[in-house]
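Naming: A, B, ... by sequence-line order, numbering from 1 per chain. If you're wondering where the values come from, they're calculated on a predicted model, not measured in any experiment.
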Number of protein chains: 2
Amino acid sequence: MPRSLRSSRHQRLAELIVAFRMEAGLKQSEVAERLGRHQPFVSDIESGQRRVDLIELLDLAEAIGFDPRDLVTALLETPKD
Amino acid sequence: MPRSLRSSRHQRLAELIVAFRMEAGLKQSEVAERLGRHQPFVSDIESGQRRVDLIELLDLAEAIGFDPRDLVTALLETPKD
DNA sequence: AGCAGATTATCCGAAATCCAGATATCTATT
DNA sequence: AATAGATATCTGGATTTCGGATAATCTGCT
């Protein structure tokens with residue numbers, strides 16, 4: 001586990017992605033398929049074990065169907081640590 | 001060079017960060033210092049040789065002084081490839 | 001409760017990436 | 001052309017990524 005994934009923002013990011021996916025009524029495997037990746041890829045992101053590249057986030061947002069800017073707004077409201 | 005860094009969005013992201021930094025009148029080394037990192041770290045990001053984690057982007061935006069949502073908006077207008 | 005199917009999490013290892021520190025190259029000024 | 005300031009490249013060891021397989025967990029049903 002990379003130390004960079006321990007901040008509260010990283011944690012919150014993971015939680016938010018889960019929430020957006022749930023709201024969209026999608027399974028990890030469905031999101032993965034839309035991304036052309038495997039289910040553990042999504043699982044790792046949602047459990048905060050893998051970092052999310054900004055470009056990947058845009059793809060993720062499109063696959064799930066949320067506005068990445070809303071996520072950014074929420075993160076900006078989250079204390080850094 | 002990782003193939004994940006070859007999309008036009010990755011390229012554009014790098015360009016945008018450079019543009020924001022320039023506009024702010026900051027040197028790579030100044031940004032690096034604010035981030036607690038070394039200058040090559042910023043250089044690698046700006047030359048598109050390193051990916052940018054979403055959380056890192058927020059830090060970068062704060063260090064440079066731009067709204068990360070503006071960057072996202074610009075990227076969303078950039079074709080995927 | 002127990003089972004079955006569905007969903008998500010973990011493990012493994014090879015490949016890719018990250019990163020500091022040192023060094024090199026570029027750019028502008030004199 | 002020499003210096004100084006800024007950015008880019010290189011090196012190599014540590015960390016991270018990711019597919020594939022498997023395991024664990026969850027859910028609804030009887």
Checklist entry - Separation of A:Asp53 atom CG from C:dA16 atom P, in whole Å? => result 17 Å

Checklist entry - Near A:Gln39 CD, under 6.0 Å, is it more than 12 heavy atoms from other residues, nucleotides or ligands? => result yes

Checklist outcome for this item: Those residues at least two apart in sequence (or on a different chain) that pass side chain to side chain contact (heavy atoms under 4.5 Å, CB included) with B:Glu30 are B:Leu26, B:Lys27

Checklist entry - Partners of B:Phe41 by ring-ring contact (aromatic ring centres under 6.0 Å, His included), sequence neighbours excluded? => result none

Checklist entry - Does any pair with a residue in residues 38-48 of chain A pass salt bridge (Lys or Arg N to Asp or Glu O under 4.0 Å), and if so which ones, sequence neighbours excluded? => result A:Arg21-A:Glu46

Next on the checklist: What is the separation between atom CZ on B:Arg37 and atom C1' on C:dC18, rounded to the nearest whole Å?
Outcome noted: 9 Å

Item to check | Whole-Å distance separating the CD1 atom of A:Ile45 from the P atom of C:dT8 | outcome: 14 Å

Checklist entry - Tell me: NE2 of A:His38 to C1' of C:dT8, nearest whole Å? => result 16 Å

Next on the checklist: Does a side-chain N or O of B:Arg51 approach OP1 or OP2 of C:dT17 to a distance below 4.0 Å, or not?
Outcome noted: no

Enumerate the protein-to-nucleotides 5-13 of chain D contacts in which both atoms are nitrogen or oxygen and the separation is below 3.5 Å.
| unit_1 | atom_1 | unit_2 | atom_2 | d |
| --- | --- | --- | --- | --- |
| D:dA6 | OP1 | B:Lys27 | NZ | 3.2 |
| D:dA6 | OP2 | B:Lys27 | NZ | 2.8 |
| D:dT7 | OP1 | B:Arg21 | NH1 | 3.0 |
| D:dT7 | OP2 | B:Gln28 | N | 2.9 |
| D:dA8 | OP2 | B:Gln28 | NE2 | 2.6 |
| D:dA8 | OP2 | B:Ser43 | OG | 3.3 |
| D:dA8 | N7 | B:Gln39 | NE2 | 2.9 |
| D:dA8 | N6 | B:Gln39 | OE1 | 3.2 |

Checklist outcome for this item: With sequence neighbours left out, the residues meeting salt bridge (Lys or Arg N to Asp or Glu O under 4.0 Å) with B:Glu15 are B:Arg12

Checklist outcome for this item: So salt bridge (Lys or Arg N to Asp or Glu O under 4.0 Å) across residues 65-76 of chain A, not counting sequence neighbours, yields A:Asp67-A:Arg69

